[in-house]
Amino acid sequence: MAQLLLGKEVTASLNEEIRRKVAQLNEQGVTPKLGIVRIGEREDDISYERGATKRCETLGVAFEKFLLPADASEEEVLKVIQAVNEDDSIHGVLLFRPLPRHLNEDKIVNALAVEKDVDGITDGSLAGVFTNTALGYPPCTAQACLEILKYYDIPLSGKRAVVVGRSLVVGKPAAMMLDRENATVTICNSRTQDLPQICQEADVVVVAMGKRGFIGADCLREGQTVVDVGIHVGDDGKLCGDVRFAEAEPVVEAITPVPGGVGTVTTSVLVGHVVEAAEKTLL
Ligand code: NAP
């Protein structure tokens, strides 16, 4: 039986640290605040927003919503971005993507001040991840994977890590962050040949491919740690990941369940970034 890497345990530890920092900020007269910019009414965005605002409330972080209609013009959106950039009471901004197709996403995303980019979406934040400098913030899901591995003391230095997926939101930044921990990292994509063999060579496998139940026992071996980032709704209506959990769990050493793994940690990482951004304004 594999050890379950439970998101709630990691979240509890992160939340404790966040609460401590919020109390210190409060003593200095600062309440950290998240600005939420949502364009349109996408179900996924609303659901993530609900989770984020709930976590903010629990942890003493304020939030303010900036809601625009799905047909908002580029000018209107840029005006809101400028407003949140200039509002000193807002320390971090969550801008939901993808933006409606008529908007220039690259232009709008990069109009966001990098020091408020707590979701790690600007080119500046990604540069920070690649250069390992304190520029912006890493994408929250990628960082959540690392927080889980760190919390459970999974050895990374000198180990082989495989990341399945190379998106800028998860795969690529997760790979860079594993590299920072001195793992030897292989990044796989949809053209990768011999995926099962490559995965089996790894000590740590991070799966972020967005394909329900794609990774099974043929890709895994004993002794491995598996982080499953995927979120899907199964035929039975229950949430499941990119990994076939029932097949993987008896084989590997440790694994994140879905649900109950990466998802919950992501939200605390986001709120943690807001608090960090607030702290930086006092420096
Ligand atoms: P994405 O943008 O669709 O990227 C998927 C990546 O997987 C791509 O790089 C793709 O390669 C690669 N891939 C697809 N099929 C493959 C295959 N057969 N072999 C190897 N690589 C393959 O997805 P994403 O945004 O990174 O998200 C990945 C998953 O994580 C999704 O299920 C998403 O719902 C979930 N997610 C969870 C959270 C959370 O908080 N838990 C947050 C964000 C996302 P190419 O580049 O060649 O196309």
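Numbers here are sequence positions counted from 1. Numbering of ligands and ligand atoms starts at 1, following listing order.
Within a 6.0 Å sphere centred on CD of E16, heavy atoms belonging to other residues, nucleotides or ligands number 12 at most. At most 12 non-hydrogen atoms from other residues, nucleotides or ligands lie less than 6.0 angstrom from NZ of K8.
Not a single N or O atom of R191, backbone or side chain, sits closer than 3.5 Å to an N or O atom of ligand 1. Between T266 and ligand 1, at least one N/O pair is under 3.5 Å apart.
Residue contact check: H232 has heavy atoms under 4.0 Å from atoms 32 (O) of ligand 1. Near G165, the atoms of ligand 1 lying under 4.0 angstrom from a non-hydrogen atom of the residue are 6 (C), 7 (O), 9 (O), 12 (C). Residue contact check: T141 has heavy atoms under 4.0 Å from atoms 38 (C), 39 (C), 40 (O), 42 (C), 43 (C) of ligand 1. For ligand 1, the atoms lying closer than 4.0 Å to a non-hydrogen atom of G263 are 40 (O), 41 (N). The distance from ligand 1 to the heavy atoms of G230 drops below 4.0 Å at these ligand atoms: 29 (C), 30 (O), 32 (O), 35 (C). Here is the list of ligand 1 atoms found below 4.0 Å of a heavy atom in V170: 26 (O).
Evaluated for a side chain to side chain contact (heavy atoms under 4.5 Å, CB included) with F66, the options V84, I36, L95 yield exactly one hit, V84.
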Determine, step by step, whether K79 and L68 satisfy the side-chain contact (heavy atoms from CB on, under 4.5 Å) criterion, reporting the C-alpha distance in whole Å, the side-chain angles of both residues, the deciding distance to 0.1 Å, and the verdict.
CA-CA 11 Å; K79 232 170 149 176; L68 289 152; over 6 Å; no

Apply side-chain hydrogen bond (donor to acceptor under 3.5 Å, both in side chains) to Q24 and Q28, showing your working.
CA-CA 7 Å; Q24 278 177 355; Q28 296 180 74; 5.9 Å; no

Taking it one step at a time, do L4 and F245 satisfy side-chain contact (heavy atoms from CB on, under 4.5 Å)?
CA-CA 11 Å; L4 289 186; F245 183 85; 3.6 Å; yes

Given side-chain contact (heavy atoms from CB on, under 4.5 Å), test E181 with S157 step by step and report yes or no.
CA-CA 6 Å; E181 299 299 325; S157 183; over 6 Å; no

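Remark: minimum distance from atom 24 (P) of ligand 1 to any protein heavy atom is reached at S167 OG, 3.6 Å. Remark: minimum distance from atom 5 (C) of ligand 1 to any protein heavy atom is reached at M209 O, 3.4 Å.
Residue contacts with ligand 1: G171 is excluded, as none of its non-hydrogen atoms falls under 4.0 Å. Contact analysis puts V164 in contact with ligand 1, with a non-hydrogen atom separation below 4.0 angstrom.
Counting heavy atoms closer than 4.0 Å to ligand 1, residue I231 contributes atoms from both its backbone and its side chain.
Ring geometry, H273 versus Y137: the interplanar angle falls from 30° to 60°, so the pair is classed tilted.
Remark: atom 3 (O) of ligand 1 lies closer than 4.0 Å to no protein heavy atom.
Counting only N and O atoms by type, the side chains of T256 and D228 include no donor and acceptor under 3.5 Å apart.
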